Structures are given as structure tokens and as C-alpha cells.
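All of these numbers come straight from a predicted model, not from anything done at the bench.
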Amino acid sequence: MRAVAALGGNAFAARGSALTMEGQFRYARDALRQLGPLFEPGVDLLLTHGNGPQVGHELVRVERAQGEAYTLPLDVCVAETQGELGYVLCRTLRDLFEGDRRARPVASLVTQVEVDPGDPAFAAPTKPVGPVLDEAQAAALQARGVVVREDAGRGLRRVVPSPEPLRVVETDVIRALLGLGVAVVAAGGGGVPVARVGGALQGVEAVVDKDLTAALLADALQADLLLILTDVPCACTDYRTPREQPLGPITAGRARELLRQGHFAPGSMAPKVEACARFAARPGRRAAICDLPHLAGALRGEAGTVITAS
Ligand code: ADP
Ligand code: MG
């Protein structure tokens, strides 16, 4: 069995709570312990993770250090968070399963994801990144060509394009590591976005959705299972309305229909359902959206939103 599991931001902190390094290790330990079933012998495991809050803090460090430390473009900030969270996950994993039948080598990989420089997303940035800005900070960033916009109810934030992932550059390396029995942490934050310009890959100012990259990787690695682990037990139709209904097992076709009807919020649940519908379009594959306490149930097909071809 080969599984790709994508951990949401809640694996590193409770929603809205302050990030600390100590807290991230603590949350990661708790999350990884709940992933226990995926570490059983006979399961190849690729772990990926979000990085929204961490990259936000990295951008704050970059801004505050202007003039004193060299600046870091967004692709490098993503790479830095892959390093940070790869370290958190690998150190925690090693420690957690040491001497256990689930002990196995672990490695985290700085991972690039190729996007099309002509992707329409570049003409219409939509993804808020970094902290809420005051007027002066917003003006200073705009003077440097950065796009700033009102983020629904929160305030002014920088927005960047969120292009489609085309290819994970290190797919072959990941496949080889999985074949050696290594648990791999890769494509954190959706991958470091790069685009082919004049024959060479270059970093781009963009953020790729981690759930879409997870689906792409799961497909390329011919995984059997794509697990999207977040902070809700399942996807719902008519979310946060009096008609709200939890979604149990559905087909990829039905998932697409519900996507078209607008049941899932863009930027949060919609890319998860889209990722699952893409991956599970092929027979024999299973995708699931759930929270960590429902993982075991989702693996048995009794909890979470489970998406299959038919
Ligand atoms: P993650 O860090 O796991 O990617 P996100 O915030 O991106 O987390 O996505 C999970 C959130 O999606 C949930 O906390 C929930 O509030 C929200 N959400 C939006 N639409 C729906 C829906 N239709 N059903 C369930 N949750 C939804
Ligand atoms: Mg998300």
C-alpha cells in the first residue's frame, strides 16, 4: 500500500493560536502519533504539509530585516519553511517510533514544483500571504511592486498568484526513497514554485496549493490512498447554513458536481475536494478528507469524506 498524507496547518498549532517552535514540536508529536496506522510495515508513506502561518512569519522577518540582512524572495521563504517543518517532522518521527516495529528511516526533501509561467493565475493574484499590514507598510510594499489587497474582514494583506502545479521536480528521488522503505516528507507548502524560463528553472513569486500538489504527487507515485488531514471531520454541503450536511462516501463525479454548485470555500475546502476528485478519478484509488481523530475510521471507510471513482 502506498499512501500520501497531507497535514494541514493544525498539525503545527491550533487555529489562531500563536506559533512557537516548542509548540510546533508538541503539536507535530500529537499529529504524528495519530498517524500511527500509516507507519505500519507494508505502507509506503509520503507526508506533505501546509506552511501558511510559517511562511507568513518568514515574510515578517524578511521585512523587519530590510537593509540589514539580504532579502529573500517568496520561493526561498517557502524553501526555508520546508526546511523548518521537515526538521520538526523528521526529528519528531524518529523519536516517536524509536525501537518500535514502526521505526523506519525518515528524510525530508526541499521540493520544487513546476508551474506554467503563462498560467492565468499570474495575471490575477488571489492568495493572501504574510501578516495584516498597516497603511504605511502596504504603501511601502506597493512601491516595490507588491500587490496588496483587502483580505475579507482581516485587513490589508499581500496577495500572490496561486498557479496550478504541473510537475514535482523531485518525483524520481521521492519514488526511489519510498522504494528503499524511507518515510519521506516532501512538497511542504505545495512545493517551492519554479517556472521554466529560457531553458532553466527560476523561482517565482507565487504559492501553490498544497492539496493540489499532494494529488499530483500521489498520482505520479501511483499511490493507492490520498489523505487530506485538516481540522474538520469531513467536508459538508451547505457549510455553515441551516441545511449543512456532512458528506460521507461519494464518487469523484459527484464531488465535481458539488464543486460546481459552490459548496466548498475557495482556498480552503474547495482545493481539498478538487485534489481528491482528481486523484480518485482512476479506479482502485481512494481519497479521504478528515481530521486526525477520524483517520482510523476514514481508513475503514466509516468516517470522513471518502472519494472513489465509482
Ligand atoms: P488546512 O490547513 O487543513 O489546509 P484550511 O483552512 O485550508 O485548512 O481548510 C479547512 C477549513 O475549511 C475548515 O476549517 C473549514 O472551516 C473550511 N471549510 C470551508 N468550506 C467547507 C465545507 N464545505 N465543509 C467543511 N469545511 C469547510
Ligand atoms: Mg488549506
Side-chain angles (χ1 to χ4, degrees), residues 5-36 38-39 47-66 68-98 106-111 127-134 137 141 151 153-158 160 183-192 207-211 213-214 227-232 267-268 272 290-293 295:
L7 289 169
N10 58 309
F12 302 102
R15 196 177 284 275
S17 75
L19 280 187
T20 63
M21 245 8 270
E22 192 203 1
Q24 297 195 89
F25 276 105
R26 200 160 15 86
Y27 274 91
R29 190 178 177 85
D30 201 46
L32 292 171
R33 186 182 290 122
Q34 297 183 73
L35 282 187
L38 298 178
F39 288 95
L47 264 184
T48 186
H49 58 83
N51 72 342
Q54 291 80 7
V55 89
H57 283 253
E58 197 57 34
L59 289 168
V60 170
R61 293 187 194 101
V62 169
E63 284 307 312
R64 298 276 161 91
Q66 286 288 331
E68 289 189 52
Y70 59 88
T71 201
L72 302 178
L74 188 52
D75 57 310
V76 179
C77 291
V78 174
E80 297 231 329
T81 64
Q82 288 185 347
E84 173 184 341
L85 297 174
Y87 164 55
V88 170
L89 291 170
C90 283
R91 198 183 96 187
T92 306
L93 269 174
R94 202 170 272 279
D95 188 44
L96 196 60
F97 296 132
E98 175 125 61
V106 291
S108 86
L109 210 62
V110 172
T111 316
K127 175 77 185 165
V129 292
V132 173
L133 306 163
D134 63 31
Q137 291 169 322
L141 279 175
D151 180 12
R154 295 188 55 184
L156 294 170
R157 289 179 79 194
R158 177 175 178 182
V160 297
V184 183
V185 178
V192 177
V207 166
V208 179
D209 185 88
K210 72 139 189 341
D211 299 312
T213 301
L227 272 171
I228 299 193
L229 298 158
T230 184
D231 59 356
V232 287
S268 61
K272 297 182 195 307
C290 64
D291 57 9
L292 286 159
L295 170 64

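- Here the straight-line distance linking atom CG of Leu156 with atom CG of Asp151 works out to 9.5 Å at 0.5 Å rounding.
- Judged by distance alone, with hydrogens and angles left aside, the side-chain atoms of Gln66 form no donor-acceptor pair with the main-chain N or O of Glu63 at under 3.5 Å.
- Asp291 is not listed as a side-chain neighbour of Thr230, based on a closest heavy-atom distance of 4.5 Å or more.
- The structure places CG of Leu7 at 11.0 Å from CD1 of Ile228, a figure rounded to the nearest 0.5 Å.
- Taking every heavy atom of both residues into account, Cys77 and Val62 meet most closely at SG-CG2, 4.0 Å.
- Here the closest heavy-atom approach between residue Leu32 and residue Leu93 is recorded as CD1-CG, 3.7 Å.
- For the pair Lys210 and Asn51, the minimum side-chain heavy-atom distance is 4.5 Å or more.
- Sorted by first and then second residue, the pairs that involve residues 85-96 and meet side chain to side chain donor-acceptor pair (under 3.5 Å), not counting sequence neighbours, are Arg29-Asp95, Tyr87-Arg91.
- Counting only N and O atoms by type, the side chains of Gln24 and Glu84 include a donor and acceptor under 3.5 Å apart.
- Scanning both residues, Leu19 and His57, for their nearest heavy atoms gives CD1-CD2, 3.9 Å.
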How far apart are the C-alpha atoms of Asn10 and Arg15, what are their side-chain angles, what is the distance that settles it, and do they pass the side chain to side chain contact (heavy atoms under 4.5 Å, CB included) test?
CA-CA 6 Å; Asn10 58 309; Arg15 196 177 284 275; over 6 Å; no

Check step by step if side chain to side chain contact (heavy atoms under 4.5 Å, CB included) holds for Val184 and Leu47.
CA-CA 6 Å; Val184 183; Leu47 264 184; over 6 Å; no

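- Pairing each heavy atom of Leu133 with each of Arg158, the nearest pair is CD1-N, 3.9 Å.
- Under the 30°/60° scheme for interplanar angles, the aromatic rings of His49 and Phe12 are found to stand perpendicular.
- Residues Leu295 and Gln34 approach most closely at CD2-O, 3.3 Å, considering heavy atoms.
- Closest non-hydrogen pair, Val78 versus Gly191, comes out as CG1-O, 3.6 Å.
- Between the CG atom of Leu59 and the CZ atom of Arg64 there is a distance of 12.0 Å, given to the nearest 0.5 Å.
- Considering OG1 of Thr48 and CG of Leu109, their distance stands at 11.0 Å, rounded to 0.5 Å.
- In this structure a side-chain-to-backbone donor-acceptor pair under 3.5 Å is missing from Glu80 to Glu58.
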